[in-house]
Each structure stands twice: as structure tokens, then as C-alpha cells.
Amino acid sequence: MVGLDQVLAARDRIDGDVLCTPVTLSAALSERAGGEVWLKLEHRQTTGAFKLRGATNAVAGLGEVAGVTTASTGNHGRALAHAARARGLRAVICMSRLVPANKVEAIRALGAEARIIGDSQDDAFVEAHCLARDEGFALIPPFDHADVIAGQGTLALEILDQVPQAAAIAVPLSGGGLLAGVAAAAKALRPDIRIIGISMERGAAMAASLAAGQPVEVAELPTLADSLGGGIGLGNRLTFPMVRDLMDDLILLTEDQIATGIRHLASEGHVVEGAAAVGAAAVLAGRLGGPFPLVLILSGANIDPAQHARLLEAA
Ligand SMILES: *Cc1c(COP(=O)(O)O)cnc(C)c1O
């Protein structure tokens, strides 16, 4: 398990490499919810998502390595590429032939090698494991890693500095690295604070695993909250037990509700991806009514601009 000490150490290690992102009070959401609703604008983080915190902390904790690798093509892959470049380390992001060209380009633009391998993300994982086993690369997973969790937890330290009276934090939930880190830090400092996880109804692996009492696989379905898709790993060691023990509530949302959240945040000037809109979506759906002050984490900005435009037009 990851505790407050590791999160405090992570804050020292990543200081200067990640932004302290601002918070803002949302008048509209506060009125809708019936109490103060604050937005933590982490979608403005370098690389467009909080993942830079965990990746930077994990890279900082490495000894001599040939480089770093992962099979994530989303926000974690991007963050790891950035963190590696900042340390002058080689990064190899393994991905399948099916990954869209723009994602491949985005990884290359950050100075990382995009290694295209096989027809599925499973093949890409095997390649990342081979690099780790045979070539001295450090495999940095997107969530189930103590330094990654501790890095994500630094977000809670900022939130409690910025909104000291915060009574609850709503956290987008996928593999649980963000929720585990935020909850570990926030509850150590403020035992009464409530940590509310939010996922989409379509293919929420952590929700299914909690219901089953152990990590289980779920079919991955297309969702507006694409950063919340994917499994938690059948061999999950850290985030499953931490989320199980530290999360107070779990809310699952429909695609329509998530779309409403994206549109609402755009109306307040925040262009966010679906994963980052779940807190606002839950408030607007009447599913999240405090306790107050309530802080919503806007976790990432990386939505396809054409898709964002389509969502706004469809309103
Ligand atoms: C990764 C990610 C999440 C979920 O984080 P986990 O640690 O996997 O639970 C939420 N929002 C965005 C934008 C992400 O990139």
C-alpha cells in the first residue's frame, strides 16, 4: 500500500517538472448541486493529463536503466514519453498496428520511439515485457505501481492546500492509480473526507472487480470516457485493494450523462475529454450532491477536437 509519506516524497521529487494546476469555483454546478463545487483544472497539466505526476515520479525513482517502456498509447504513454525526455532517458512505447496514426505521431513528437507490434494491445504488452526482461528497460505500468500511485496522490496535496475545507473529492476511476493516490493522501490528512469514484457504465473494470471481490476482466466497449476503459489486471496488487478500502462511493454514468458533462464544462470554458467530465456529469444528473465543499478533478484534456465539436453541435 502507498501512504502519505510516499506522496510527500513524490511531491518533492516531481516539484519543478509538473505544474501546480489552479482550482476554480463553478457557480453553475454549485447552484445545481446545492453547495460549493470546485473544479481542479488538471486538464491544464503538461501533456494534458495528471498522468505526468505518476510517470515523472516513477522515472525519478529509477536507478541505471537502458530506458523506459510501456504499452499504453493514451495519456500514460504520453506522460511517460515526456518524463523520460526530461531525464534524458530513452522511451519505447509499444503499440499494436491498430493504434490510429495520430496517436503514433503524438508519441513520436514527444521524442519517444513508437514500436508497432502485432494486432492487439496484448502483443504490445508482450513486447514491453521483453524489453524489460532482455534489454534492461524499466516497464512503467499506468497505475499498478507504488511510485505511479504516489505521484498521482500529489494532486490531493494541492487540492487540500487550495480548498482546505474540502469535504469530498470526486475522482474519475479506471485502473485506480489516481483514486488510490488521492485517497491515501487526503484521508491521512483529513480522515473524514469522502472519496467518490466515478466511471462509465460501459465496461467499468474496477466496478466489476469490486462487485466480484477480486480483479476480473470485462469486455471493453467504446465510450466517450475512453481514458477510463481497459482492465485493472488480473494480477493487480495495489490499486484494487486500495480502492476497495479507501473509496466511499462509486457512481456509474451513461454515455448521455457524460456527453452532458463535456458540454457543460465547455460552456464554462473547459475543453475536457470524457473521463474528465464525469464529476460534472454526475452533479448534473443529480447523482452527486455533496458533501460540500465538493472538488471535482478535471483529469484530462485529450479529446479529439472533431469529436468535441460534434458533441457541442449535437446539443
Ligand atoms: C488515466 C486517466 C484516468 C483514470 O486514472 P486511473 O489511475 O487509471 O484510475 C482518468 N482520467 C484521465 C484523463 C486519464 O488519463
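Counting convention: from 1, in listed order, for ligands and their atoms alike. Values below: every heavy atom of this structure, side chains too, minus hydrogens, waters and symmetry copies.
- Side chains of Thr223 and Glu255: a donor on one and an acceptor on the other come within 3.5 Å.
- Near ligand 1, heavy-atom contacts under 4.0 Å come from Phe50, Lys51, Asn75, Pro172, Leu173, Ser174, Gly175, Gly176, Gly177, Leu178, Ser227, Leu228, Glu273, Ala275, Ser299, Gly300.
- The environment of CD in Glu113 is crowded: more than 12 heavy-atom neighbours from other residues, nucleotides or ligands sit within 6.0 Å.
- With 3.5 Å as the limit, one finds a donor-acceptor pair spanning the side chains of Gln162 and Lys40.
- For Gln165, the side chain to side chain contact (heavy atoms under 4.5 Å, CB included) partners are Glu36, Val163, Pro293, not counting sequence neighbours.
- Hydrophobic cluster of Leu131: the remaining members, joined at side-chain heavy-atom separations below 4.5 Å, are Val92, Phe137, listed by chain and number.
- Not counting sequence neighbours, the partners of Gln45 by the side-chain hydrogen bond (donor to acceptor under 3.5 Å, both in side chains) test are Glu42.
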